[in-house]
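Okay, so here's the structure we're looking at.
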Amino acid sequence: MTEPKDEADAAASGARGSALNAQNMAEQVETAIQVAMRQGAFDNLPGAGKPIEGLGTHHDPDWWIRRKIETENLTGLGPPAILLRSEDREMQATLDGFRREEDVRAHLEDFNRRVIEARRQLMGGPPVVTKTRDVDAEVVRWRERRAR
């Protein structure tokens, strides 16, 4: 019988001789990781030697959904608190797309209604920190931007 060429072959031949269980599976995984490290498979990975972004700042149970929404650039998905925040950030551009004052007022009133509704937390999720908008003040600013 021939001898295995390296540790990976040894781990693979050892696995064939016995049934997999939690103990030898962990050993095989650890062996594969050690072999890959020695071969340099983990060298020069992006982010190597840098801290993991957002680690240790504070506990956010919804971190995964926030990250998914940001990385996938998803719209219309997620807890109302997050959706309202992003909508609030883009409000000026949204309002500038309207031609009629009635449409601006209707959009702002709908936004304010959704903010108040989300504050009730009927569906759970992160807290709503988005403020309602002063409709009249926003209309004045909209008119000023249109006049330019």
Side-chain angles (χ1 to χ4, degrees), residues 1-98 103-104 106-135 137-142 144-146 148:
M1 188 165 166
T2 62
E3 292 186 18
K5 295 177 188 166
D6 61 15
E7 293 174 37
D9 288 343
S13 64
R16 282 185 232 120
S18 63
L20 284 178
N21 60 36
Q23 179 63 34
N24 63 18
M25 175 69 98
E27 291 170 2
Q28 286 181 341
V29 169
E30 185 60 33
T31 301
I33 290 171
Q34 294 299 323
V35 169
M37 286 172 61
R38 285 191 201 108
Q39 293 173 346
F42 300 123
D43 294 348
N44 301 320
L45 290 175
K50 298 177 186 171
I52 298 173
E53 181 184 332
L55 186 64
T57 54
H58 68 283
H59 176 69
D60 180 8
D62 299 315
W63 67 270
W64 61 275
I65 189 90
R66 292 178 203 272
R67 175 84 43 94
K68 187 71 169 171
I69 289 170
E70 288 172 10
T71 58
E72 301 285 329
N73 198 19
L74 301 174
T75 57
L77 299 173
I82 296 172
L83 296 175
L84 288 168
R85 275 186 240 161
S86 63
E87 186 177 343
D88 187 54
R89 278 192 303 268
E90 299 166 4
M91 184 64 73
Q92 182 176 330
T94 302
L95 295 180
D96 288 348
F98 293 120
D103 295 336
V104 172
H107 184 77
L108 288 166
E109 288 167 2
D110 177 61
F111 176 78
N112 287 343
R113 178 193 56 77
R114 288 183 289 122
V115 168
I116 292 167
E117 197 173 286
R119 285 180 185 161
R120 294 185 181 128
Q121 295 288 326
L122 297 176
M123 296 191 305
V128 178
V129 295
T130 306
K131 296 178 181 177
T132 57
R133 298 278 188 130
D134 181 343
V135 175
E138 290 292 335
V139 168
V140 168
R141 286 193 282 273
W142 172 77
E144 290 171 353
R145 288 191 305 270
R146 287 183 59 85
R148 292 184 202 161

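Starting from 1, each residue takes its place in the sequence as its number. No experiment lies behind these values; they were computed from the predicted model shown.
- The structure places CH2 of Trp64 at 13.0 Å from CZ of Arg67, a figure rounded to the nearest 0.5 Å.
- Annotation: the span from Arg85 atom CZ to Arg89 atom CZ amounts to 8.0 Å, rounded to 0.5 Å.
- For Glu70, there are no side chain to side chain donor-acceptor pair (under 3.5 Å) partners at least two apart in sequence or on another chain.
- Once rounded to the nearest 0.5 Å, the distance linking CG of Asp96 with OG1 of Thr94 reads 8.5 Å.
- Environment of CE in Met91: crowded, with over 12 heavy atoms of neighbouring residues, nucleotides or ligands closer than 6.0 Å.
- Atom CD of Glu117 is separated from atom CG of Leu84 by 9.5 Å, given to the nearest 0.5 angstrom.
- Separating the OG1 atom in Thr130 from the CZ atom in Phe111 is a distance of 5.5 Å, to the nearest 0.5 Å.
- Atoms CZ and CG, from Arg133 and Asp88 in turn, are 4.0 Å apart once rounded to the nearest 0.5 Å.
- Between His107 and Glu87, some side-chain heavy-atom pair lies under the 4.5 Å cut-off.
- For the pair Leu108 and Glu138, the tightest heavy-atom approach, listed with the atom from each and the gap, is CD1-CB, 3.4 Å.
- In plain terms, the two heavy atoms of Ala81 and Val128 that are nearest each other are CB-CG2, 3.9 Å.
- Side-chain N or O atoms of Trp142 include one that pairs as donor or acceptor with a backbone N or O of Leu95 at under 3.5 Å.
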